[in-house]
Structures are given as C-alpha cells and as structure tokens.
Participant: 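Below is one structure. I have some questions about it.
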Amino acid sequence: MKFAYKFQNLLGTVYNQGNILFTPDDNTVLSPVGNRISAFDLKRNKSQTLPVECHKSFTCTALSPNGVILIAVAEDGEALVISLISKTVLHKHRFNRKVYDIQFSPDGSRFAVTFQNDVQLFTAPGQRSVDFNPFHLERVFFGSHDETTCIDWTSDSKCFAVGAKDMNTRVYPVKRCPNLGVYSLGGHSDIVLHCFFAKDSLNLYSLSRSGQLCIWACDTSLADLWVAEENEPEEPEEVPEVDPLSEFPAAKEPRLPVEEKKSNKIAYTKSARHYYRDLTKDHSTLTSACFHKTTKILVAGFSNGSFFLHEMPDFTLIHSLSLGEQSITAAVFNRRGDWLALGTTGLGQLVVWEWQSQCFVLKQQGHYDQLMTLTYSPDGQYLATGGSDGKVKLWNTSSGFCFVTFNEHTASVTALQFTHSGKAVISSSLDGTVRAFDTTRYRNFRTFTSPRPAQFSCLAVDPSGDVVCAGSQDSFELFVWSVQTGRLLEILSGHEAPISGVAFGNAGENQLLVSSSWDQTVRVWDIFKSKSQQESVRVHSEALAVAFRPDGNEIAVCDLNCRIQFFDPVSTQQIGIIEAKADLGRFRREDDLVSGKTASKGRAFTTLCYSADGMAILVGGKSKYICVYHTKEHVLLRRFAVSKNWSFTGMTEFLSKRTNTEMGQRGLMDLDEDDSDRQKLSLPGVRSGDMASRHFKPEVTVYSVQFSPTGITQHSHFNGCVPSVSLDRSVKLFPSLRPILGSLQHRGFDDLFHPHGGPLRSL
C-alpha cells in the first residue's frame, strides 16, 4: 500500500472570517477558511481548497481585476501572493501589523493597503518587467490620527478614499493634483467601517459602526480632476523688461489667469444623512457592507443577523431579511450585481443569494461548534459528520458540498456509522438516544432509547445492519437493539467505568463484539449465542478506543499511556504493541508554564482506524499529528500535520520568555477586544450585553480519523474542519527520493525521476 498522500480538500466548514470574493467571471466564490482559502464553483457545483497554507488565519483578501493574482493577508500581517492559475504561492511579504483592508485599483496597476495610521500604495505584481520583490512600494499616505479600516477606489483609479477609527474619511489622489490635496470628511460619531465612491464620480458614501450613513456630494467631476504630469516643469517667474533709454521701466503686462479647473479646489458637501437604527429597532451595530456602483445598490449587514438592500442615492429600501441571530461579517456583490454573497462567522455559513428573484444560488453551513465524529459510506461517495451542536451532516466527497442536515439530536453527537448497504446512517448522542437516518428519503426512521437515561459515547453496527450496539459513559453498560423492530434486545454489564469504544467483527465463524473502557479492560462478547459469553483482557491503562481489523483476526486498542496494543480476538492473547509516545509530538498551550515535553505527558491518541486491506492503522488524538503504522512490522510509516495554523493554541513546543510579562503569561490576557483569532465565549442564555464575555483560542485536537473504503483517501477532523488527504497513484516514490519528492509535491510541482539515474526534471 502506497502512502503518497497529499492534501485534497477541506470539508466541514465553508467560511471562517474575513471578506468574500467573486472571480471576474462570477462563477466562483473565494472564501477564507482558517489559514486556507476554499473556492466554490457555482457553475459546476463543486468546491476546492487551494493547496496553500499560512501560519495564521486569513483576515482580508484581494483579487486582481483579471482574476489571476490573489493577495491574502493573515492576522499577524503576513501576506501571500497566490497565483490562481498554478495555485501556488509566488511571494510572501510581512507587514508585521494587522491589516484591515487591501484593495486593487480598477485598472489593476496598483493596490492599496491599510497599515496602522497610514495607507501604503504598491505597484501590482506583474506591472514591472523584472522585479524580484513584487511588493514595490510607490508611496505612503499620511493624515489619519488612528488606524485606517477601509479603502475604495474611483472608477478611473485616480483617487481613493480611506476610512479610519478617528471617525473621518479622507480622499487621496494617487498622483499630484493641483485641485485636490487631502480632503477630510467628518460627521460620524463612531468608527468608519466602509466608504464607497459612486460610479464615474467623486461622490462618496461613508458608513460608521453605529449604522450612520453619510452621503457626500462633490462639486467636481472626475473629468475635471486635473492630474499633473510626472515631469511637468514649473513655470519660470517672469522678469519685467526694462528700456535702457528710458528712466522708467516698462509697464508689466498682466498675466493670463490659470484655467479654472487647475486653480479651484474641489469641495464636498453633506447632501444627506441616514440612520439604520430606525430599521433595526435595537442596539445592533454595522458589521459589513458593499456597494455595487453600476446598479447603485447598497447592502449593509448587522450584528443581529439582518441585512438591508437600498437603492442609492435616495436610500430607497428594496429588501430587509435576516439570516439568524449571528452577525453578518462579510457581504459582496458579483460583477453583474444580481448575486449577493454573505458570510457569518458565528454559524460558519456561506450564502449566495439572488436578490431579484429572492432565491438561493448557494447555501452552505458547517458545524458552528466542535466537529466530534465522522464516517464513510461503504462506496466512499459520502461522508457523514456529527458535531457538538447536535447536527448530523452528509457531504459529497467529490463535490465537497453538504446536501442534507439532520437536526433531531438535542445534544452532542458522539459516534456515527453507516450500515453495510449504505442506505442508513446510525448516530449516538449524549441526549440519550441512538437514531437511524434514511439516506434516501432523508428522514429519521428509528429512534433507540434505553430503559433508564444514559449518555451514549460510542456506537457499532454489525455487518448485516440488523443489530446496533451503543456504550454508555454514565451507567457503564452496553445496549443492543434490533434495527428492524427498534426493540431493545439485551443489556450487557461488566464494565466498571465509562465505555470508550465498541466494534463488531467476524472472527472465523463467530461474530464478536468488542468493547473498551476506562476500567483498563477490553471485553469480547459473543452476543449471538443463547448466553452472552465474554472474555476480559487487561490492558494496564485506560483504554480510549478499539477497532476490529477488516478480516476480523485482530483487535487494536489505544490506551492512555499512548500505546497501541494488538490482540487475537479468539485467544485474547497479545500479539503486538506499538509505543507511540514519541510520535505524538511535543506542544504546549499559551497558558502553560512548562515546556512542551512536560505538557505532553498527559496526552495520548484517542481514535484509530484500520485501512481497507488491514495492513496499516491510522491514529490521532490530542496532537496536531496523525500517524500511519504498519500492523505487521509495528513501525511508523508516515506522520502528517493536520494544520500549521498558529491561531490555534497548542502549536508551540518550547517555553518562550518573550511571552512572559509583568502581569503573567501573554496568552492569559485579552490585549485587544477585537482580537479576531479568539472565539467569543459568553454565559449560557445570554444573547446580548454579557458583561462576563471573554475570549479563548481553540486547541488543535483530532477527534476522529477514517480511511476511505476504496483506499484512495483518508479523512480526519479537528476543530470543525475535515481535511481530506488523497493518494496520488500517478506519482512513483522511490525510497531514496521520498523526502525530496515529498517536499516538491508540497510546493505544487509535478516531478518525474528518470529511471536510468538521471536528475530530477520539472515538467
């Protein structure tokens, strides 16, 4: 079995934070998902995640007008120049500060970046003939007294407007203009979040966080805005002519007046002011906005989940809708102006809405809380996921879209498994129910319950699909039901601690059930005989997960000591052991006062899965790594890092003195209220006005891993994301060149090795 796995797609979440972009052909939506960017093809109904990754989550992106160059900026100011043709990173640039907005000019020759209190103007990549650094700084614009937040260009790319936290909006010319220097517009009582120019005009719209809209009218058109040439010489001062034969000098001839368009300065007047609070009827704040210059439609999204469409400049209301109770953090029109894309961070929702016909072009939503479990369908075409939000979602692995969501559970989903026919998926939950969902009619056709309330932590379905078994974590019992009748067949007792795993398997002619528990035992049950027989195996540590090999001749158990033990299901004899402590990796959280080696002592692998042929086993747990081991040789074959996102906690290995301050660890302090890499955590039942609101960083943890039944892909999930890793069968790996080819594949190149010992050549 080959293990040339490379990243293929990202499922489970469609939007995280930052702005959303449409490609120039209006067929694709680009959405930032953590430290990656997903592309949703609306024409082919397919999603793809770009094979690029940053060290922090992306907060703002910009696409060139020709749709070739994408600039994505992360939380720490690291900018990536990405080619959408080759899907590779062309250049990296560090601003070392948080960037709120970045915008290309309409002609594509420049792009502007908000940098602290200034605006930096760069030449667009590819505009200079030969330049090693595509970030060529042309000019820096000053004048703001606080951080700049937004940028918008005029239609002819001669001027741009900048909003700032000092509640002012400033208009800057790109080149020297005698009739325009720096024009500052006030009138707001809160931070200016968005500003937009009208089409082919200097008229301006500015929106503040409090929901105030100011309309500014300019007395000068774009055609009358005179731009001085770069090498235009200054007019020399005229010297009066003197007649040497006369006592009096000649009279000075009057100079002609300069053209009116060169001498008169432009002036703005506030033509109107509108307040969105008259429409929202509450204390919600503005979170996103977009203005389509051709159709003159303005959309504004608010923190209460509502958004409004107005026709400008009369501010005529067209639509007023709501997507829920979470704030709308991104809004953008396509080029034609008939589609509107909206993103919600709290729900992880991405919507493309056609506002004229009021129908959805795309509506995708991931799990807005932790993703706890996943499973493959028998044919590998579908993937089922369950989260702590109580939802069960079915995903198409080829398109990457979620096509059905089941909301029947009222608590966290702990386990999922398809039946052998693939026509049903069974789920267990902490709400005390086990439910069976029909994947054809999309309904819940069976609900299994226990005689007394129990929280189910694990689930198993026999190969025939007629029997379902679930383990409880509070009553320490196993419950067996019949799928056909829904009746409880048997209750198996014997464990003395919460049950962590259960699995069915065929050992020869006998069909066995194996269960693992925190009581340091693994029990093998023969439930299909008249009297349920059991064999107990001591593993000398808390068992965290158990799995049957596909042929039924081996059982694998992972325990709290980070060991993977293999047993014979018939004789219950140990046939192998893997010490995986060193492969777990070392890492520490930001609030840990010890090194990564000490902090990793209490961590272990918590989930495992056999490959289709049973020759390899995939494990994951409280680590950023997932490992593949050989079941016969008991050696490590490959180790993959599920993420390189430093926005998660638990990514560092060593204790750094730079994080120690006079008031303690930097990770324990909320230094910024608008820190976007932290999730808000409020008290239960509080919707608004929570004075005890605080932030936290999610920790990297792998909750479940699965091999595809076809053996081509593998899936793992962590913190709400499901990275899909595919096996590229077209790449031949030789033992001596495995590290070289692995690094080349990671950079996005397709390389071949000459069979006669020649050098590597790039196609």
Side-chain angles (χ1 to χ4, degrees), residues 18-32 35-39 48-116 118-141 148 150-160 162 172-175 230 332 335 744 746-750 762:
N19 59 318
I20 304 171
L21 299 174
F22 273 100
T23 53
D25 57 0
D26 292 342
N27 293 332
T28 306
V29 177
L30 300 177
S31 173
N35 63 337
R36 293 185 180 272
I37 296 177
S38 296
Q48 181 186 7
T49 303
L50 302 182
V52 297
E53 193 174 8
C54 189
H55 293 293
K56 286 278 190 176
S57 297
F58 291 118
T59 56
C60 59
T61 54
L63 184 63
S64 60
N66 57 4
V68 176
I69 299 298
L70 174 67
I71 300 179
V73 186
E75 295 169 350
D76 58 349
E78 182 181 4
L80 302 183
V81 181
I82 304 171
S83 171
L84 294 184
I85 298 178
S86 61
K87 296 180 176 59
T88 55
V89 177
L90 303 179
H91 182 72
K92 293 183 179 181
H93 181 80
R94 283 193 170 274
F95 290 102
N96 295 323
R97 293 293 186 275
K98 185 176 180 179
V99 176
Y100 287 93
D101 196 10
I102 177 172
Q103 292 290 335
F104 273 93
S105 61
D107 58 3
S109 60
R110 300 175 178 87
F111 66 91
V113 181
T114 60
F115 182 78
Q116 293 184 326
D118 311 325
V119 178
Q120 296 184 354
L121 188 65
F122 293 88
T123 303
Q127 299 297 324
R128 296 166 63 91
S129 58
V130 179
D131 197 348
F132 179 76
N133 183 9
F135 276 75
H136 176 70
L137 182 62
E138 285 190 12
R139 192 175 173 187
V140 179
F141 295 87
T148 52
C150 56
I151 300 174
D152 190 64
W153 290 82
T154 56
S155 302
D156 57 356
S157 304
K158 292 182 180 179
C159 303
F160 61 91
V162 179
Y172 296 93
V174 175
K175 296 182 180 180
E230 295 182 357
V332 63
R335 176 165 291 189
L744 291 177
H746 179 72
R747 296 173 183 266
F749 296 98
D750 294 324
S762 177

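The first residue in the sequence is number 1, and the count goes up from there.
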Participant: Could you measure the distance from the OG1 atom of Thr49 to the NZ atom of Lys87? Nearest 0.5 Å is fine.
Facilitator: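 It comes to 11.5 Å.
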Participant: If I take atom CZ from residue Arg110 and atom CD from residue Glu138, how far apart are they, to the nearest 0.5 angstrom?
Facilitator: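 Rounded to the nearest 0.5 Å, the CZ-CD separation comes to 4.5 Å.
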Participant: Looking only at atom types and distance, does a side-chain atom of Thr23 sit under 3.5 Å from a main-chain N or O of Gly67, one as donor and one as acceptor?
Facilitator: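 Answer holds: no.
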Participant: To the nearest 0.5 Å, tell me how far Leu90 CG sits from Ile82 CD1.
Facilitator: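 Leu90 atom CG to Ile82 atom CD1 measures 8.5 Å (nearest 0.5 Å).
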Participant: Under the 3.5 angstrom rule, does the side chain of Thr148 hit a backbone N or O of Val119 as a donor-acceptor pair?
Facilitator: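 A pair under 3.5 Å: no.
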Participant: To the nearest 0.5 Å, how far apart are CZ in Phe135 and CD1 in Ile71?
Facilitator: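 Spacing of CZ (Phe135) from CD1 (Ile71) equals 4.5 Å.
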Participant: Quick one: does Ser64's side chain have a donor or acceptor within less than 3.5 Å of a partner on Gly108's backbone?
Facilitator: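 Pair absent, no side-chain N/O of Ser64 close to backbone of Gly108.
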Participant: Do you know the tightest heavy-atom contact between Leu30 and Pro32?
Facilitator: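 Where Leu30 meets Pro32 most closely, the heavy atoms are O-CD, 4.2 Å.
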Participant: Counting C-beta onward and ignoring hydrogens, is there a side-chain heavy-atom pair between Pro125 and His91 closer than 4.5 Å?
Facilitator: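 When only atoms from C-beta onward are counted, His91 and Pro125 do not touch, as no gap falls below 4.5 Å.
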Participant: Quick check: do Ile37 and Val52 have side-chain heavy atoms less than 4.5 Å from each other?
Facilitator: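 With C-beta onward as the side chain, the pair stays apart.
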Participant: Side chain to side chain contact (heavy atoms under 4.5 Å, CB included) for Val113 and Phe95? Distances and angles first, verdict last.
Facilitator: CA-CA 10 Å; Val113 181; Phe95 290 102; 3.9 Å; yes
Participant: Which heavy atom of Ala124 sits nearest a heavy atom of Phe104, and at what distance?
Facilitator: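 Closest heavy-atom pair between Ala124 and Phe104: CB-CE2, 4.0 Å.
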Participant: Using the six-membered ring wherever Trp is involved, compare the ring planes of Phe122 and Phe111 and label them parallel, tilted or perpendicular (cut-offs 30° and 60°).
Facilitator: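 Because their plane-to-plane angle is under 30°, the rings of Phe122 and Phe111 count as parallel.
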Participant: With distance as the sole test, does Asn35 use its side chain to make a donor-acceptor pair with the main-chain N or O of Glu53 at under 3.5 Å?
Facilitator: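 No; zero donor-acceptor contacts below 3.5 Å.
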Participant: Let's go through Leu80 and Phe58 carefully: what are the C-alpha distance in whole Å and the side-chain angles of both, what is the deciding distance for side chain to side chain contact (heavy atoms under 4.5 Å, CB included) to 0.1 Å, and is it a yes or a no?
Facilitator: CA-CA 10 Å; Leu80 302 183; Phe58 291 118; 3.8 Å; yes
Participant: Thr154 side chain to Cys159 main-chain N or O, any donor-acceptor pair under 3.5 Å?
Facilitator: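 Flag set: sc Thr154 to bb Cys159 pair under 3.5 Å.
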Participant: Show the numbers, then the answer: is there a side-chain hydrogen bond (donor to acceptor under 3.5 Å, both in side chains) between Gln120 and Asp118?
Facilitator: CA-CA 7 Å; Gln120 296 184 354; Asp118 311 325; over 6 Å; no
Participant: Mind running side chain to side chain contact (heavy atoms under 4.5 Å, CB included) on Arg94 and Asp76 for me, showing each step along the way?
Facilitator: CA-CA 8 Å; Arg94 283 193 170 274; Asp76 58 349; 3.7 Å; yes
Participant: Is there a donor-acceptor contact under 3.5 Å from the side chain of Arg139 to the main chain of Val174?
Facilitator: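 Flag set: sc Arg139 to bb Val174 pair under 3.5 Å.
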Participant: Rounded to the nearest 0.5 Å, how far apart are CG of Leu121 and OH of Tyr172?
Facilitator: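 Reported value, rounded in 0.5 Å steps: 12.0 Å.
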Participant: Is there a donor-acceptor pair closer than 3.5 Å between any side-chain N or O of Thr28 and the backbone N or O of Ala39?
Facilitator: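 Not a single qualifying donor-acceptor pair exists.
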Participant: Is it the case that the side chain of Asn19 and the backbone of Thr61 share a donor-acceptor pair, with hydrogens and angles ignored and the cut-off at 3.5 Å?
Facilitator: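 Checking the backbone N and O of Thr61 against the side chain of Asn19, a donor-acceptor pair under 3.5 Å is found.
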Participant: Compare all side-chain heavy atoms of Ile102 with those of Ile151 and state whether any distance is below 4.5 angstrom.
Facilitator: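 Heavy-atom side-chain distance check fails, nothing below 4.5 Å.
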Participant: To the nearest 0.5 angstrom, please state how far the OG atom of Ser105 sits from the NZ atom of Lys158.
Facilitator: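 Here the rounded value is 13.5 Å.
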Participant: Heavy atoms, side chains only, cut-off 4.5 Å: are Leu21 and Val332 in contact?
Facilitator: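 No, side chains not in contact.
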Participant: In terms of side-chain heavy atoms, does Glu75 have a donor or acceptor partner in Thr59 at a distance below 3.5 Å?
Facilitator: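 Checked: Glu75/Thr59 side chains show no N/O donor-acceptor pair below 3.5 Å.
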Participant: Would you check if Leu63 and Pro24 make a side-chain contact, meaning some heavy-atom pair closer than 4.5 Å?
Facilitator: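 They are in contact (side-chain heavy atoms under 4.5 Å apart), so the answer is yes.
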